[in-house]
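Working notes, beginning with the structure itself.
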Amino acid sequence: MKRILSEIFQIAIGIFLASIGLKMFLLPNGFLDGGATGIAILLSELFDIDISFILLLVSIPFLILAWFSLSRRIFTKSLISIILLAVIIHFENFASITEDKLLIAIFGGLFLGAGIGLTIRNGAVLDGSEILGIFLNDRLGISIGRVILFFNVILFGATALLLSLEIAMYSILTFIVTAKVIDLMIEGFEDYVGLMIISKNTNSINEGLIRIVGTGTTLYQGAGGFGKRGTQPKNDIIHTVINRVDIRRTYNLIDAIDKKAFIIEFDVNHIKGGIYTKVLSREGLKKLSPTKN
């Protein structure tokens with residue numbers, strides 16, 4: 001029950017933030033965002049119809065796709081969230097607080113992205129383009145990111161033709177800010193990278209990663225291979241995940257032990273369990289404080 005109430009509360013906050021981004025920044029100035037919201041704003045500008053009604057109409061096809069591609073629980077929460085967003089936009093009387101187009105694009109995207117990201121994080125969808133991406137990914141194997149990108153290229157191209165190139169350019173900026181804030185809301189402010197390390201001094205590097213960097217490691221048995229130094233014998237391979245803040249210190253540690261170590265660095269989208277440093281925690285902040293360096 002606590003989890004359900006927490007989800008409902010956070011979704012409500014997300015809807016409110018998204019409505020602020022739309023009503024205080026984007027709508028009074030005719031700026032668009034990407035996805036179904038962008039289509040609704042564009043149609044509202046062209047035909048001078050209340051966006052709350054258009055948003056509901058535009059969302060219908062995407063909700064039909066959601067019925068076939070998402071769970072019933074997510075579909076229900078998404079349906080209620082979109083209806084609530086339309087209702088709040090209709091009755092909300094926030095006035096525009098700035099005429100600076102750059103501030104409008106940035107802060108409009110910030111509020112809208114925070115709202116959409118918070119609702120997605122709690123199992124609801126406020127924008128139909130994500131639903132379209134999930135549907136086509138399931139049916140055709142096309143990546144969700146490519147679907148959303150193609151969708152928005154068409155939308156912003158139409159905006160440039162029907163409204164103006166300037167509005168299209170500011171709308172693209174809004175979309176970029178929105179997308180980045182959504183990522184931050186979903187994935188958090190912690191950013192991790194994975195490292196695969198092959199060295200003649202595996203044990204020393206492994207010990208340094210555990211003792212100095214404070215991360216966990218996994219050792220794989222390498223059966224051998226061929227590299228810059230010729231045929232390689234059997235050797236342990238280190239696999240670890242570190243916070244991006246620790247990346248320079250980690251490379252310095254490895255270089256101090258073995259300058260010729262072979263390192264593969266890759267992005268990590270999500271981790272659960274294990275030992276790794278959370279910078280935005282009491283222990284992580286302590287580790288980064290000047291008194292500890």
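Quick caveat, the model's predicted, so the values are computed rather than measured.
Shown are Asn206, Asp258, Asp236, Asn235; of these, the side-chain hydrogen bond (donor to acceptor under 3.5 Å, both in side chains) with Ser199 is made only by Asp258.
With sequence neighbours left out, Asp100 forms a side-chain contact (heavy atoms from CB on, under 4.5 Å) with Thr98, Leu102, Leu103. Applying the salt bridge (Lys or Arg N to Asp or Glu O under 4.0 Å) criterion to Arg72, with sequence neighbours excluded, gives no partner residue. In this view, Leu161 satisfies the side-chain contact (heavy atoms from CB on, under 4.5 Å) rule with no residue, not counting sequence neighbours. Among residues two or more places apart in sequence or in another chain, the salt bridge (Lys or Arg N to Asp or Glu O under 4.0 Å) test is passed with Glu92 by none. Partners of Ile80 under the side-chain contact (heavy atoms from CB on, under 4.5 Å) rule, at least two apart in sequence or in another chain, are Thr76, Leu84. Legend: residues meeting salt bridge (Lys or Arg N to Asp or Glu O under 4.0 Å) with Lys77, ordered by chain and number and at least two apart, are Glu7. Under the side-chain hydrogen bond (donor to acceptor under 3.5 Å, both in side chains) criterion, Ser6 pairs with Gln10, not counting sequence neighbours. By the side-chain contact (heavy atoms from CB on, under 4.5 Å) test, Ala160 is found to be paired with Leu165, Ala168, residues two or more places apart in sequence or in another chain being considered.
Remark: side-chain polar atoms of Asn122 are paired, donor with acceptor, to backbone N or O of Leu118 under 3.5 angstrom.
For residues 26-38, the side-chain hydrogen bond (donor to acceptor under 3.5 Å, both in side chains) pairs, not counting sequence neighbours, are Asp33-Thr178, Thr37-Asp127. Within the structure, the ring-ring contact (aromatic ring centres under 6.0 Å, His included) test picks out no pair touching residues 193-218 (sequence neighbours left out). Pairs passing the side-chain hydrogen bond (donor to acceptor under 3.5 Å, both in side chains) check and including a residue from residues 152-177, sequence neighbours excluded, read Lys101-Glu166. The ring-ring contact (aromatic ring centres under 6.0 Å, His included) analysis of residues 81-113, with sequence neighbours excluded, yields the pairs Phe25-Phe111, Phe53-His90.
Separating the CG atom in Leu26 from the CD1 atom in Ile104 is a distance of 8.5 Å, to the nearest 0.5 Å.
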